[in-house]
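Quick notes on the structure that follows.
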Amino acid sequence: MFQEVSFVTLLMLHSAVQSLSVQASCRENVSLKCQEVGSEFGSEFISVTWYKLIHQNKCGILRWGSKDKKKPQFFIKFNRTVHSDQNYSLLISAVTPADSGTYQCEVGAMIGGQNKRNEVKLDVSECVTPAVWATPTPVPNATSDLSSTQVHELPVLWSAVIYGIACIAKIALSIISVLIIRCVQSKSSKRRQQKW
Ligand SMILES: *[C@@H]1O[C@H](CO)[C@@H](O)[C@H](O)[C@H]1NC(C)=O
Ligand SMILES: *[C@@H]1O[C@H](CO)[C@@H](O)[C@H](O)[C@H]1NC(C)=O
Ligand SMILES: *[C@@H]1O[C@H](CO)[C@@H](O)[C@H](O)[C@H]1NC(C)=O
Ligand SMILES: CC(=O)N[C@H]1CO[C@H](CO)[C@@H](O)[C@@H]1O
């Protein structure tokens with residue numbers, strides 16, 4: 001009975017993905033550790049691959065293969081420049097909130113062994129714009145200036161509309177009056193013709 005229980009817990013330990021959370025601030029250089037390497041397997045693995053989970057899909061980043069464990073190969077699809085760090089760590093320099101997400105390190109075992117992976121959740125804090133940008137124009141005054149210009153712009157807009165309406169009215173009036181004059185003229189000329 002005891003043996004069965006320990007066997008079950010062992011299975012659970014093996015299937016569970018180790019998860020680690022890493023907090024980083026904007027523009028920091030972050031090195032994500034592949035915990036599975038070196039601890040249990042030693043050099044008994046054939047590959048180490050880093051992935052990023054994007055919309056539940058594993059997107060390959062880089063892989064150290066069996067041929068050359070010193071030089072990793074980079075996946076072209078992953079369009080963010082990263083570097084390899086010591087002990088199969090993933091080095092992401094100058095991180096931004098876009099780099100936040102779940103990264104997976106997968107260790108390919110030798111035949112007969114078991115592949116292992118661990119997960120690292122990276123959370124990058126919001127980037128604060130440098131103070132240099134904020135100093136030249138204090139914000140409260142800028143907003144009050146904006147609102148005052150909006151207030152000024154509204155009458156200008158209205159006077160333009162009214163002016164436009166007045167113009168159209170004038171044009172319409174003159175057209176109507178011209179038409180009336182012509183109508184009257186043609187009627188009177190017809191009358192004159194009838195008279196003669
Ligand atoms: C991050 O790494 C780059 C070189 O890749 C270095 O120039 C820069 O100073 C590092 N930044 C920090 C905050 O360590
Ligand atoms: C990477 O690709 C995504 C879309 O797949 C795009 O939004 C992003 O701008 C790209 N980044 C770079 C650095 O090319
Ligand atoms: C890499 O692993 C070796 C052996 O486990 C250790 O001595 C060394 O400090 C590690 N290097 C880094 C940068 O973690
Ligand atoms: C020109 C002007 O209105 N300056 C003001 C900007 O706002 C600060 C504080 O909000 C005031 O102290 C300034 O007088």
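Quantities reported herein were computed from a predicted structural model and do not represent experimental measurements. Both ligands and their constituent atoms are indexed starting at 1 by order of listing.
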Does any non-hydrogen side-chain atom of L62 lie less than 4.5 Å from one of F78?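 With C-beta onward as the side chain, the pair stays apart.
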For residues 163-175, run the donor-acceptor check on the side chains, cut-off 3.5 Å, and write out each pair with its distance to 0.1 Å, sequence neighbours left out.
residue, atom, partner, partner atom, Å
S174, OG, K170, O, 3.1
S174, OG, I171, O, 2.7

Joint cluster assignment, V48 & L53, ILVMFWY side-chain distance < 4.5 Å: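 The answer is no; the residues belong to distinct hydrophobic clusters.
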What does the N/O contact table under 3.5 Å look like for ligand 1?
residue, atom, partner, partner atom, Å
ligand 1, 2 (O), N29, ND2, 2.3
ligand 1, 11 (N), N29, ND2, 3.0
ligand 1, 14 (O), N29, ND2, 3.3

Hydrogens and angles aside, do S93 and N29 bring a side-chain donor and acceptor to less than 3.5 Å of each other?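 Result is no, nothing qualifies.
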Would you say the rings of W64 and Y88 are close, in the sense that their centroids are separated by under 6.0 Å?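 Ring centroids of Y88 and W64 are less than 6.0 Å from each other.
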Taking K58 first and then E106, would you say they form a salt bridge - that is, a charged N and a carboxylate O separated by under 4.0 Å?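 Salt bridge between K58 and E106, a charged N being under 4.0 Å from a carboxylate O: yes.
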